[in-house]
Amino acid sequence: VGGALAGLAPGALAKSKYPPENPSWTLSLGPGVVADPYGMPSPFESEVIRRNVPWLTADKVSSISFTPLQHLKGIITPNGLFFERHHAGRPEVDPQQHRLMIHGLVERPIILSMADLQRLPSVSQINFIECPANGGMEWRGAQLNSLQFLHGMVSCAEWTGVRLSTLLQEVGMKPEGKWVLAEGADGAAMTRSIPMAKALDDVIVAYAQNGEALRREQGYPIRLVVPGWEGNTHVKWLRRLEVGDKPWMQREETSKYTDLMADGSARGFTWVMEAKSVITSPCPEMPLGQKGVYQIEGLAWSGNGKVKAVDVSVDGGMNWQQAPLREPVLSKSLTRFALEWAWDGNPALLQSRVIDETGYVQPTLHQLRKARGSNSIYHKNAIQTWKVNADGSVINVQLS
Amino acid sequence: VGGALAGLAPGALAKSKYPPENPSWTLSLGPGVVADPYGMPSPFESEVIRRNVPWLTADKVSSISFTPLQHLKGIITPNGLFFERHHAGRPEVDPQQHRLMIHGLVERPIILSMADLQRLPSVSQINFIECPANGGMEWRGAQLNSLQFLHGMVSCAEWTGVRLSTLLQEVGMKPEGKWVLAEGADGAAMTRSIPMAKALDDVIVAYAQNGEALRREQGYPIRLVVPGWEGNTHVKWLRRLEVGDKPWMQREETSKYTDLMADGSARGFTWVMEAKSVITSPCPEMPLGQKGVYQIEGLAWSGNGKVKAVDVSVDGGMNWQQAPLREPVLSKSLTRFALEWAWDGNPALLQSRVIDETGYVQPTLHQLRKARGSNSIYHKNAIQTWKVNADGSVINVQLS
Amino acid sequence: ESAGYYGVGETPTEEQIAAWDIDIRPDGAGLPEGSGSVDEGMAVYETYCASCHGAFGEGMGRYPKLSGGEGTLAEDRPEKTIGSYWPYASTLWDYIHRAMPFFAPQSLTDDQVYAVTAYVLNLNYIVDGDFVANKDTLPKVEMPNSGNFVWEDPRPDIQNERCMSDCKDEEVSVADSSQGKNLTPSTTGPLDEGLIE
Amino acid sequence: ESAGYYGVGETPTEEQIAAWDIDIRPDGAGLPEGSGSVDEGMAVYETYCASCHGAFGEGMGRYPKLSGGEGTLAEDRPEKTIGSYWPYASTLWDYIHRAMPFFAPQSLTDDQVYAVTAYVLNLNYIVDGDFVANKDTLPKVEMPNSGNFVWEDPRPDIQNERCMSDCKDEEVSVADSSQGKNLTPSTTGPLDEGLIE
Ligand code: HEC
Ligand code: HEC
Ligand SMILES: [Ca+2]
Ligand SMILES: [Ca+2]
Ligand SMILES: [Ca+2]
Ligand SMILES: [Ca+2]
Ligand SMILES: [Ca+2]
Ligand SMILES: [Ca+2]
Ligand SMILES: [Co+2]
Ligand SMILES: [Co+2]
């Protein structure tokens with residue numbers, strides 16, 4: 001929030017003439033209703049946009065853009081700012097033509113139109129989606145100085161759609177069915193194998209995102225939502241579900257989205273996004289101003305359920321204080337925390353640490369490196385350290 | 001959801017070539033990331049927009065637009081579709097220039113910049129906002145045949161901002177302070193008097209809506225959110241809060257937003273939006289197709305707290321069945337319900353009825369008319385009846 | 001936390017507060033110096049108001065009526081105007097000053113607001129033609145309908161049992177339908193700007 | 001509810017299923033008729049692939065390397081390629097068929113996919129130059145790194161106590177900082193399309 005205010009510390013603003021004067025917009029009429037039948041943000045917020053890191057990928061067509069977490073409040077990511085990850089660009093799917101085919105080890109294969117899908121019982125869930133490569137550039141050292149680029153491959157929305165279990169019941173699974181292959185209608189024909197236990201648990205075939213139709217960037221007209229699991233499994237532009245007895249070992253679950261360990265072995269099927277948190281204010285884009293009372297605010301989430309607690313340290317992890325959580329605290333959803341901090345104007349090392357309902361405590365980068373080396377790319381859920389300088393500026397650092 | 005599908009019953013769709021053919025978007029690359037740094041809905045959803053009723057008001061500058069509830073899913077209204085109510089149009093406020101002045105019976109009057117506000121402790125709440133005139137055209141009879149126009153003056157968002165109690169504590173209220181006047185920076189300089197008990201309870205000065213900065217139509221850069229109370233009290237483009245010992249009896253709490261009874265007396269200060277519900281599918285815009293199994297789905301809400309239960313009738317209120325609620329069920333928020341219905345193809349009279357946590361049961365229009373007459377304009381929270389015809393079409397009717 | 005704990009913001013000057021503190025209360029609190037007569041108000045009204053509200057406050061198209069409607073409040077089609085409905089005269093000064101003329105809010109001088117307030121009250125037979133509005137006279141104006149407001153919300157005014165079956169004595173029938181009334185703008189296609197088909 | 005309870009949707013024909021059912025499994029399930037040799041694959045590769053992946057699969061700019069990297073997986077800068085990393089040959093057929101060439105997915109014939117798969121395997125010294133790929137030979141190809149995958153998630157691999165005070169033995173110090181690295185695109189102003197300053 002506050003694109004126009006980004007990076008400006010309180011007090012640093014030019015003193016306004018208002019009051020005592022009245023601004024022009026108080027002395028005149030503005031445009032009426034339906035001036036914008038579908039509304040857009042204020043032009044003063046034009047800096048609040050998804051952004052990419054040009055040097056990261058060969059082409060924007062198979063690339064990533066990052067949510068501007070530094071500007072966001074609450075837990076809902078507005079649809080226009082939800083992060084993007086495409087492997088063959090964003091197809092322009094005609095929902096009248098689009099179909100979902102369900103087949104394989106089933107009694108009754110079907111082809112569903114989008115209208116068919118909307119006739120089935122639906123559910124809504126607020127869930128985060130995080131790319132497992134979020135922060136993956138930082139395994140070897142501190143590189144980027146930006147909350148947006150370091151952590152912005154996570155977003156959160158209210159998803160509505162049909163439970164995959166409802167669909168599997170409708171087609172009648174055969175007992176040998178142990179896996180589900182999900183395939184997209186994009187140029188990558190993106191595929192992932194989902195084990196049946198997860199498929200029957202909380203996976204949905206979603207057609208809505210924060211109330212309205214899915215955005216094209218998030219899979220319009222339908223996508224898989226696989227709560228708590230790595231983003232790539234949430235297959236977008238979904239066109240096919242096949243039930244089988246074995247996993248398919250597709251490119252995105254062998255060459256990619258497997259985690260290389262220091263000894264040269266690799267882990268596959270590491271689906272869950274383990275608990276993570278980050279301080280969103282202050283951050284490199286939102287520095288401090290004068291010394292005084294601040295709210296250290298941030299986001300925490302866990303692919304294993306609810307956030308139980310978040311602790312904050314201002315001395316690089318030597319001492320911690322529990323930060324109150326904001327309602328609502330939902331399973332596999334972003335959760336806000338905030339802790340008041342009287343900044344004395346001296347340099348400080350800010351960290352947050354989430355504990356989820358399984359009791360898991362967010363690890364340090366040190367610990368992750370010790371366990372996995374520095375080449376696993378994915379699943380870097382380490383504690384983030386922000387160095388606050390005496391001038392209020394905030395820097396991404398890694399501790400010894 | 002499904003602008004392109006609006007009004008089309010399942011099965012009514014032209015049979016697609018896909019499969020077996022592959023659509024063009026599977027055989028090519030789409031635009032890459034950040035093609036839209038701030039994303040927009042698919043062009044196939046271009047019919048999903050706010051709409052107005054031209055004959056309702058003299059001018060769009062003091063008018064209303066309606067949320068397309070027939071297309072929405074879940075409980076979050078996307079910001080682009082949040083209903084609008086302006087009294088002097090939508091001011092284009094510069095957040096760098098905008099100020100909030102707090103004065104009156106306080107120890108320490110202040111002028112806050114938007115950056116100042118963001119330094120204070122904040123909260124997030126998912127709350128509906130409803131104009132008390134929602135459905136007000138229907139006191140005397142059934143007029144409009146549209147869910148959007150009959151019920152679309154309600155929307156729901158996650159609001160983030162500073163508790164009014166935090167601000168009042170910061171300025172130090174004097175004990176004589178019993179009311180707060182809120183004033184907007186628009187050309188109407190919109191004002192409402194809020195009693196102190198509510199001001200100190202759950203009111204917030206909000207700067208964010210569904211994660212991002214408030215939209216201009218909803219009061220950018222700041223507005224009041226007065227959970228559960230009539231929309232007009234949620235003063236937009238907020239620029240001033242004055243603490244006083246008496247209410248101000250402003251035009252919007254005397255000439256307007258008072259309820260004329262049949263005997264010529266009038267009720268003032270009727271702030272709470274009493275519990276209400278409506279079936280959103282089927283509805284005039286979303287008719288049924290062939291007979292068969294359908295999900296009767298709808299929204300319920302209460303300004304007095306949580307929705308406790310919703311009942312659905314298919315015979316005009318003679319018999320009722322409790323409809324399961326969808327998670328999350330939050331206080332003063334939209335809540336979804338759905339009930340499966342095997343439609344036999346005969347005409348039916350569909351109704352929903354909410355019961356809130358106070359035990360209040362949504363009334364019939366008959367009861368409201370008996371208690372208040374037909375001229376009170378506001379607070380028509382009557383049970384809505386949809387007549388389903390044998391051809392599947394759905395009509396807004398009123399029962400004898 | 002005590003007042004000033006967060007220490008944010010500037011302290012406003014008296015001049016800053018005065019400039020924005022424009023609200024007026026029924027007891028006259030907030031009314032500025034100045035005055036205006038019914039006659040002076042007629043000139044203001046004809047220049048700035050009549051084009052929308054009609055020469056005698058009778059309204060124009062869907063722009064509000066400002067006069068008339070006395071005795072209609074209990075009728076089938078009540079007309080709520082300043083004379084027939086408004087409980088406080090202060091509200092008139094306050095609202096005209098903050099919001100009228102519609103296209104140029106807060107453009108009138110305080111004297112002009114006093115004058116046009118007096119004129120509109122006179123149009124409604126509430127004050128005589130020689131009335132001069134100022135901060136002493138205006139709070140004393142008694143509005144005809146002021147006694148007919150209840151300022152405590154009597155709701156919930158309907159108590160229902162949650163009946164689940166056989167809930168009605170008579171058979172249910174449709175009393176009124178929106179079908180064929182032709183009042184509904186289109187909800188498909190682009191925005192329906194036009195008249196009703 | 002039993003299968004077909006909601007009765008929505010159409011029943012696909014065999015032809016409809018076959019057309020979209022393109023996935024291939026390690027056991028060869030899904031592989032179609034047809035075949036292709038390493039030699040035939042070289043022609044396909046040079047026409048459709050080399051421009052991005054290099055004449056010998058060595059990659060181009062940030063386009064992926066398809067060969068090389070053997071023995072680097074435990075090194076400081078591992079190179080993960082088909083030869084050094086991929087556990088299954090079936091994945092190569094599947095992925096090329098569904099997604100390559102990048103600009104024209106699913107444009108190759110099955111014979112062309114068999115051929116270029118054979119060629120890329122040969123580039124990686126996994127099959128000989130006389131190898132002919134078809135639905136019988138491909139599932140039998142053993143990939144050098146296939147034994148080095150663990151297909152059960154060992155996480156949580158870190159167990160922490162929730163220490164609240166005096167949690168570190170040594171004083172905390174900064175080991176690395178992003179400051180001055182000049183790798184961060186701008187996060188203000190319009191989209192930063194350019195190179196790093
Ligand atoms: C360009 C048209 C226009 C002009 C000129 C205009 N008004 Fe209005 N007036 C309106 C509209 C529109 C409203 C209703 C605004 C709303 O509901 O938000 C209104 C409302 C009012 C009301 C409140 C009516 C009610 O019942 O609540 C009063 C009083 C009023 N005007 C007085 C005046 C006076 C006095 C002037 C001149 C100094 C004036 N108006 C000039 C259009 C106009
Ligand atoms: C226009 C550039 C381009 C051309 C031509 C092209 N590719 Fe690719 N290839 C890519 C890109 C980009 C990716 C990575 C896509 C992604 O990550 O989503 C890729 C990925 C691959 C991969 C997976 C690499 C890995 O390590 O996971 C294989 C295998 C491959 N291509 C083979 C081929 C073959 C065979 C052809 C020709 C038939 C071909 N490519 C033509 C650009 C190209
Ligand atoms: Ca005042
Ligand atoms: Ca003035
Ligand atoms: Ca029309
Ligand atoms: Ca298959
Ligand atoms: Ca083929
Ligand atoms: Ca740059
Ligand atoms: Co993983
Ligand atoms: Co009211």
Side-chain angles (χ1 to χ4, degrees), chain A residues 6 47 51 53 57-58 101 103 107-112 116 119-120 141-146 148-149 169-172 181 187-189 240 246 248-249 251 254-255 260 263-270 274 285 316-320 349 355 360-361 363 367 371 375 395-400, chain D residues 1 3-6 8-12 16-17 20-21 23 25-26 61-63 73-74 78 80 85-88 90-91 94-95 98-99 105 148-151 153-158 160 162 164-168 172-179 181 183-185 187-189 191-193:
Chain A
E47 301 198 352
R51 295 172 184 273
V53 177
T57 51
M101 184 168 88
H103 70 109
E107 305 291 349
R108 191 180 158 275
I110 49 177
I111 296 175
L112 296 170
D116 290 332
R119 245 188 91 169
L120 297 173
Q143 294 210 71
L144 294 164
N145 199 41
S146 150
Q148 179 163 11
F149 295 125
Q169 210 161 40
E170 179 70 3
V171 293
L181 183 77
R240 190 166 69 93
K246 286 185 219 150
W248 282 260
M249 313 315 276
R251 185 250 190 174
T254 55
S255 168
L260 181 59
D263 65 0
S265 73
R267 298 174 179 177
F269 296 160
T270 55
E274 290 190 291
E285 293 96 329
M318 187 65 89
N319 299 287
W320 297 86
L349 293 169
I355 298 92
Y360 176 83
V361 180
Q367 293 181 304
N375 288 322
I395 308 293
N396 166 32
V397 299
Q398 295 185 353
L399 300 186
S400 55
Chain D
E1 332 296 19
Y5 173 78
Y6 294 105
V8 293
E10 308 161 52
T11 303
Q16 285 183 304
I17 294 178
W20 274 16
D21 183 7
D23 52 86
R25 286 198 320 204
R62 273 158 292 178
Y63 287 112
L73 294 186
K80 295 190 283 181
Y85 195 64
W86 288 37
Y88 302 105
S90 59
T91 313
D94 179 280
Y95 183 71
R98 72 172 59 243
N148 293 324
F149 282 81
V150 181
W151 295 105
D153 188 349
R155 297 175 306 156
D157 49 357
I158 294 161
N160 275 327
R162 188 178 168 197
M164 296 305 285
S165 52
D166 283 325
C167 301
K168 300 199 174 187
V172 172
S173 69
V174 170
D176 193 15
S177 164
S178 63
Q179 203 158 19
K181 290 204 181 155
L183 289 167
T184 315
T187 55
T188 57
L191 199 66
D192 186 354
E193 306 265 10

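Everything quoted here is computed from the prediction, not taken from an experiment. To find a chain, count down the sequence lines: A is the first, B the second, and so on, and within it residues start at 1.
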So, taking the atom named [atom1] in [X] and the one named [atom2] in [Y], what distance separates them when rounded to the nearest 0.5 Å?
{"X": "D:Glu193", "Y": "A:Arg51", "atom1": "CD", "atom2": "CZ", "result": "10.5 Å"}
{"X": "A:Arg108", "Y": "D:Thr11", "atom1": "CZ", "atom2": "OG1", "result": "6.0 Å"}
{"X": "A:Met101", "Y": "D:Gln16", "atom1": "CE", "atom2": "CD", "result": "8.0 Å"}

Query raised in the report: Using a cut-off of under 4.5 Å for heavy-atom pairs, which of A:Val53, A:Val171, A:Leu260 has the most such pairs with chain D?
Result: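 The residue among A:Val53, A:Val171, A:Leu260 with the greatest pair count is A:Leu260.
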Chain D heavy atoms under 4.5 Å from [X]: which part of the residue, side chain, backbone, both or neither?
{"X": "A:Leu120", "value": "side chain"}
{"X": "A:Arg240", "value": "side chain"}
{"X": "A:Gln367", "value": "both"}

Is it true that a side-chain atom of [X] and a backbone atom of [Y] form a donor plus acceptor pair closer than 3.5 Å?
{"X": "D:Arg98", "Y": "A:Ala189", "answer": "yes"}
{"X": "D:Ser173", "Y": "A:Ser400", "answer": "no"}
{"X": "D:Lys168", "Y": "A:Gly316", "answer": "yes"}
{"X": "A:Thr254", "Y": "D:Pro87", "answer": "no"}
{"X": "A:Glu170", "Y": "D:Ala3", "answer": "no"}
{"X": "A:Asn145", "Y": "D:Gln179", "answer": "no"}

Query raised in the report: Under a 4.5 Å cut-off applied to non-hydrogen side-chain atoms, are A:Ser255 and D:Thr91 in contact?
Result: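 A side-chain contact is absent here, since even the closest heavy-atom pair is not under 4.5 Å.
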Query - 4.5 Å side-chain heavy-atom contact, D:Trp151 and A:Met249 - result: yes
Report task. Flag the one option from D:Asp23, D:Ile17, D:Val174 with the top tally of heavy-atom pairs under 4.5 Å to chain A. Result ->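 Of the options given, most contacts go to D:Asp23.
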Query raised in the report: Among all residues two or more places apart in sequence or in another chain, which pass the side chain to side chain donor-acceptor pair (under 3.5 Å) test with A:Ser146?
Result: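 Counting only residues at least two positions away or on another chain, A:Ser146 forms a side chain to side chain donor-acceptor pair (under 3.5 Å) with A:Glu285.
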Report task. Can you sort out the partners of D:Tyr85 under ring-ring contact (aromatic ring centres under 6.0 Å, His included), two or more places apart, ordered by chain and number? Result ->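 D:Phe149.
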